[in-house]
J.: 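Pasting a structure below so you can have a look.
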Amino acid sequence: MMNTLNTENPIEKPFRKTGDPVDLTSESPLHPRRKSRRIMVGPVAVGGGAPISVQSMTNTLTANVPATLQQIAELTAAGCDIVRVAVPSQDDADALPEICRKSPIPVIADIHFQSKYVFQAIDAGCAAVRVNPGNIRKFDEVGPDICKAATDAGISLRIGVNAGSLDKDLYAKYGGPTPEALVASALKEAHMFEDVGFHDFKISVKHHDVITMVETYRLLASKGDWPLHLGVTEAGPAWQGTIKSCLAFGALLAEGIGDTIRVSLSAPPVEEVKVGCKLLEYMGLRPRKFDIISCPSCGRAQVDVIQLASAVTEGLKDVTAPIRVAVMGCIVNGPGEAREADLGVASGNGKGQIFIKGKVIKTVPEDQIVDTLLTIANDIAAQMEADGQVPVNSTGPVVVPIQHPGH
């Protein structure tokens with residue numbers, strides 16, 4: 001269902017100043033989080049142990065305010081915490097005040113080449129601005145003014161270093177966009193900000209190659225306490241980009257590195273958010289929401305597992321209650337796996353055994369399996385909501401308290 005934003009009544013957003021202390025903290029079950037300083041992107045804390053936030057970027061023309069706000073509403077409904085909008089033209093910059101006023105989540109302006117748009121974005125009320133000093137004209141001259149404007153407005157910045165915009169001298173020195181070259185560029189730009197007393201920024205050092213990206217972030221993480229925005233740039237189509245992002249983010253997050261993420265896909269932005277949120281869930285960095293377990297198709301299956309799993313997934317796509325549904329195609333692993341789930345089915349011989357918490361409650365004909373599972377799953381979800389097990393409006397980063405031995 002499309003989530004339409006009410007643009008007649010702008011949402012009040014009590015943005016904090018950058019760096020304000022926030023009580024929320026989050027740990028990883030795999031490795032202690034890297035110590036980083038905290039900045040604010042509107043009301044969303046980034047770094048300093050804050051819950052890892054999920055970002056995306058609109059692909060509408062920013063100047064088309066209704067279309068951009070509609071997409072932001074859809075991203076918000078999918079779980080997006082922070083949204084970035086492109087500002088390549090004056091028309092886009094002129095649209096920012098209305099977008100920032102009406103967006104339900106913090107807006108970051110993505111600025112390249114024209115430094116004047118940075119100042120317009122700050123004046124428009126953007127929660128942060130992404131700048132790539134490598135392609136901002138005369139950045140050495142305008143950088144201090146940008147830092148002062150951001151400080152006065154109480155907003156943060158992101159330094160975005162990409163392999164494609166690496167300084168030509170560093171490219172020549174290191175023989176290409178190596179981890180050392182990308183980190184050298186990031187350090188140069190970070191020191192440029194810090195030399196004028198500005199510290200409310202995060203850094204990204206993106207590369208399209210998974211190994212290079214991981215090595216680059218590891219190296220940068222060892223050089224200072226800046227909050228880090230993780231991203232694999234130009235990751236590719238949905239299936240390829242998802243694999244790349246999960247590999248790279250999984251490796252880094254498992255080491256405690258990373259404070260906010262964006263999964264970059266050649267796909268609708270909502271798909272980026274879905275992947276990002278699920279990735280954090282599976283890494284133990286967000287509470288689990290709806291999850292489906294389904295067996296692979298094989299010669300033992302006595303039912304079309306692929307079709308069955310797809311139908312159940314589609315039917316429950318709007319469920320946010322943390323229920324786990326198992327869809328199994330035969331009796332070899334089916335009953336055992338289904339018993340481990342909140343709800344499940346083990347199929348075979350033209351029928352399905354429906355389990356709830358390990359107990360068979362009924363056997364139904366094959367053509368009734370989907371409808372039966374959907375009905376029971378929605379009943380369980382409704383009961384969880386009634387019992388207060390589903391946080392209201394839980395689209396933002398959620399604290400996952402983990403106790404490590406000795407902490």
Side-chain angles (χ1 to χ4, degrees), residues 18-19 25-41 44-55 82 128 130-134 156-163 165-167 170 174 176-194 198-233 235 244-264 276 279-280 283-286 397 400 402 404 407:
T18 56
T25 57
S26 165
E27 248 324 335
S28 166
L30 297 175
H31 194 281
R33 296 273 301 278
R34 164 181 167 267
K35 302 297 183 184
S36 61
R37 64 179 179 240
R38 176 168 292 187
I39 66 171
M40 302 300 299
V41 180
V44 177
V46 175
I52 296 170
S53 51
V54 174
Q55 303 191 25
I82 299 168
R130 184 271 181 121
V131 295
N132 187 336
S156 58
L157 301 174
R158 170 158 77 94
I159 297 173
V161 178
N162 280 356
S165 58
L166 186 64
D167 179 85
L170 290 174
Y174 291 96
T178 63
E180 293 76 15
L182 292 167
V183 169
S185 177
L187 293 179
K188 175 184 175 182
E189 293 159 7
H191 293 152
M192 193 183 303
F193 282 179
E194 292 171 337
F198 188 79
H199 300 276
D200 289 317
F201 63 89
K202 59 184 180 290
I203 304 178
S204 65
V205 280
K206 296 183 177 183
H207 198 285
H208 65 85
D209 178 73
V210 170
I211 294 174
T212 302
M213 180 271 199
V214 171
E215 290 177 341
T216 301
Y217 275 97
R218 282 175 176 164
L219 181 59
L220 180 60
S222 71
K223 300 293 185 180
D225 66 348
W226 314 281
L228 300 182
H229 170 104
L230 301 187
V232 178
T233 191
K244 279 188 173 183
S245 296
C246 289
L247 285 171
F249 294 1
L252 291 167
L253 293 172
E255 298 173 15
I257 297 172
D259 300 291
T260 184
I261 66 172
R262 184 217 172 168
V263 177
S264 298
L279 172 62
L280 293 180
M283 293 291 293
L285 289 160
R286 284 196 180 195
V400 185
I402 303 291
H404 288 279
H407 281 209

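Throughout, numbering of the chain's residues begins at 1 and tracks the sequence.
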J.: Report yes or no: is the cationic atom of R37 (NZ for Lys, CZ for Arg) under 6.0 Å from the centre of the six-membered ring of F201, at an angle within 45° of the ring normal?
T.: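 Checked: cation-pi criterion met.
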
J.: Using atom types as modelled and distance alone, determine if a side-chain donor or acceptor of S185 lies under 3.5 Å from a backbone N or O of L182.
T.: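 No; judged by distance alone, with no hydrogens or angles, the pair does not exist.
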
J.: For the residue pair P29 and G284, what are the closest heavy atoms and their distance?
T.: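 Closest approach of P29 to G284, heavy atoms only: CD-O, 3.6 Å.
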
J.: Quick check: closest heavy atoms across L30 and M283, and the distance to 0.1 Å?
T.: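 Looking at all heavy atoms of both residues, the closest pair is CD1-CE, 3.8 Å.
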
J.: Pick from L279, V263, V210: which one makes a side chain to side chain contact (heavy atoms under 4.5 Å, CB included) with C246?
T.: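 That would be L279; it is the only one of L279, V263, V210 passing the side chain to side chain contact (heavy atoms under 4.5 Å, CB included) with C246.
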
J.: Quick one: do R38 and D259 satisfy salt bridge (charged side-chain N to carboxylate O under 4.0 Å, His left out)? Show the steps, please.
T.: CA-CA 9 Å; R38 176 168 292 187; D259 300 291; over 6 Å; no

J.: Would you compute the distance between atom NZ of K244 and atom CG of D209 and round it to the nearest 0.5 angstrom?
T.: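 It is 7.0 Å, given to the nearest 0.5 Å.
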
J.: For a side-chain contact (heavy atoms from CB on, under 4.5 Å) check, start with the C-alpha distance between V46 and H229, then their side-chain angles and the critical distance, and finish with the verdict.
T.: CA-CA 9 Å; V46 175; H229 170 104; over 6 Å; no

J.: Would you give the length of the straight line joining atom CD1 of I82 to atom CZ of R158, rounded to the nearest 0.5 angstrom?
T.: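 Rounded to the nearest 0.5 Å, the CD1-CZ separation comes out at 10.0 Å.
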
J.: As an exercise, state the distance from CG of L230 to CD of Q55, rounded to the nearest 0.5 Å.
T.: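 Nearest 0.5 Å value for the CG-CD distance: 10.5 Å.
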
J.: Which heavy atom of S53 sits nearest a heavy atom of V44, and at what distance?
T.: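 Minimum heavy-atom contact is CB-CG1, 4.0 Å.
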
J.: Check the pair I261, V54 against side-chain contact (heavy atoms from CB on, under 4.5 Å), reporting the backbone distance first and the verdict last.
T.: CA-CA 5 Å; I261 66 172; V54 174; 4.3 Å; yes

J.: Nearest heavy-atom pair of E189 and V161: which atoms, and what distance?
T.: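 Closest pair (atom of E189, atom of V161, distance): OE1-CG2, 3.3 Å.
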
J.: Nearest heavy-atom pair of L280 and I52: which atoms, and what distance?
T.: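 Between these two residues, the closest heavy atoms are CD1-O, 3.5 Å.
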
J.: Keeping S264 on the side-chain end and T233 on the backbone end, is there a donor-acceptor pair under 3.5 Å?
T.: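 Looks like no, no N/O pair under 3.5 Å.
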
J.: Please name the pair of heavy atoms, one in L166 and one in G176, separated by the smallest distance, quoted to 0.1 Å.
T.: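 Distance-wise, the nearest heavy atoms are CD2-O, 3.9 Å.
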
J.: Does any N or O in the side chain of S36 come within less than 3.5 Å of the main-chain N or O of G48, such that one atom is a donor and the other an acceptor?
T.: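 Yes; at least one donor-acceptor contact below 3.5 Å.
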
J.: Would you confirm whether Y217, through its side chain, and S204, through its main-chain N or O, come within 3.5 Å as a donor-acceptor pair?
T.: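 Absent.
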
J.: In Å, rounded to the nearest 0.5 Å, how long is the span from NE2 of H199 to CD of E194?
T.: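 One finds 5.5 Å between NE2 of H199 and CD of E194.
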
J.: Rounded to the nearest 0.5 Å, what's the gap from NZ on K35 to CG on D225? Could you check?
T.: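 Interatomic distance, K35 NZ to D225 CG, rounded to 0.5 Å: 12.0 Å.
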
J.: Under the 3.5 angstrom rule, does the side chain of S156 hit a backbone N or O of D200 as a donor-acceptor pair?
T.: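 Looks like no, no N/O pair under 3.5 Å.
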
J.: Please test V41 against K202 for side-chain contact (heavy atoms from CB on, under 4.5 Å), starting from the C-alpha separation and ending with a verdict.
T.: CA-CA 10 Å; V41 180; K202 59 184 180 290; 3.8 Å; yes

J.: As a quick check of understanding, evaluate side-chain contact (heavy atoms from CB on, under 4.5 Å) for F198 and L157, giving each step before the final call.
T.: CA-CA 10 Å; F198 188 79; L157 301 174; 3.6 Å; yes

J.: Can you tell me how far the CG atom of L285 sits from the CZ atom of R33, to the nearest 0.5 Å?
T.: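 Those atoms lie 6.5 Å apart.
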
